[in-house]
Amino acid sequence: MIREIKQAGFQIMIFSGGEPVMRPDIFELVSYARATGLRAVMGTNATLITPEVAGRLKEAGIMAAAVSLDSLDAEKHDKFRGMTNAFNLTLAGITNLQQAGIPVQINTTVMDWNVEEIEAVCDYAVQLGAVAYHVFFLVPTGRAIDIEEEALRVTVYEKTITRLMKKQQEVDIEIKPTCAPQFLRIAEMMGMNLRFSRGCLAGISYCIISPRGDVQPCAYLDIPLGNVREKPFDEIWKENDLLKNLRTMDYAGKCGVCEYKLKCGGCRARAYYYSNGDYMAEDEWCLYKPKGVRENG
């Protein structure tokens, strides 16, 4: 599968989960990915990253690790993660990764109970020596369906992205709202020039392979496109009709006429959820009215 990912033209492989270091052969897989020419990175809660594990990951070739930190309040973080002492173990894991020479990115899943903390968590990420701070916005799928009532609503969503872009103007580390492709439109309207060229990458330059081998356009667009146990990944990536459709960017509603269509693209998973199954529908969480919509009233 790793060979097929490289053959498909990918440059980066993210080892995620669940928790990837629970897999006993993770070091062999990372090493093999590096040997094929892929940039191997990892998403982890870091609670199992001992000095020994960090050293082995570095030796295997991990280039960076993204660590989840959802609150500066240990009790709140532990409750959300469903694990006692997760906060302290995560901080220890971050230290172990950094001491092994692995750059660390801090990830936060933003909800209504921690939305006022994001600037403070960003400052803490700077203090920790993180290289980036990525904020993940909830998309209703999987476990998130059960906690959707805690998700940010549309007006707060826009204001939160704007707050993050203002914070980016104050700090040196990279800030990226994830599953919030409208950040590129907001950044441009604020006169900012970010390195990112595209908001929603689902099916265009990004996809996931589930633990069962199912390929999906993204983690939150829960539509199986084929299984790598039954068909080579590179064939699924190049030949699947749904992926081809996503790449047309022929969206419905205001996303289809928006002047930021090529930069933003709207969240395809959120469009799918709120339209009862149309992944090309407009993203209803966007407050912006495109020029064509404004002119037509």
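- Aromatic ring pairs are classed by plane angle as parallel below 30°, tilted from 30° to 60° and perpendicular above 60°; the pair Y272 and Y279 is tilted.
- Applying the 6.0 Å contact sphere to NZ of K238 captures more than 12 heavy atoms from other residues, nucleotides or ligands.
- With a 4.5 Å cut-off on side-chain heavy atoms, N114 and K76 do not count as touching.
- Shown here is R23, whose CZ atom has no more than 12 heavy atoms of other residues, nucleotides or ligands within 6.0 Å.
- For R247, the CZ atom is densely surrounded, since the number of other residues' heavy atoms within 6.0 Å is greater than 12.
- Note on K167 versus E170: salt bridge recorded, some NZ/NE/NH1/NH2 to OD/OE distance being below 4.0 Å.
- Proximity of a side-chain donor or acceptor of E117 to a complementary backbone N or O of S71 within less than 3.5 Å is not detected.
- Annotation: side-chain hydrogen bond (donor to acceptor under 3.5 Å, both in side chains) contacts of K254 (sequence neighbours excluded): none.
- Between the side chain of D234 and the backbone N or O of Q7 there is no donor-acceptor pair closer than 3.5 Å.
- One hydrophobic cluster, built from ILVMFWY side chains closer than 4.5 Å, cannot hold both I106 and L89; they sit in different ones.
- Heavy-atom neighbours of I14 CD1 from other residues, nucleotides or ligands within 6.0 Å: at or below the threshold of 12.
- Sorted by first and then second residue, the pairs that involve residues 270-280 and meet salt bridge (Lys or Arg N to Asp or Glu O under 4.0 Å), not counting sequence neighbours, are R270-D283.
- Shown here is E235, whose CD atom has more than 12 heavy atoms of other residues, nucleotides or ligands within 6.0 Å.
- Applying the ring pair (Phe, Tyr, Trp, His ring centres under 6.0 Å) definition to pairs two or more places apart or across chains, none involves residues 11-42.
- Checked against the 6.0 Å centroid criterion, the rings of F10 and W237 qualify as a close aromatic pair.
- Sparse packing is recorded around CG of D172, with 12 or fewer heavy atoms of other residues, nucleotides or ligands lying under 6.0 Å away.
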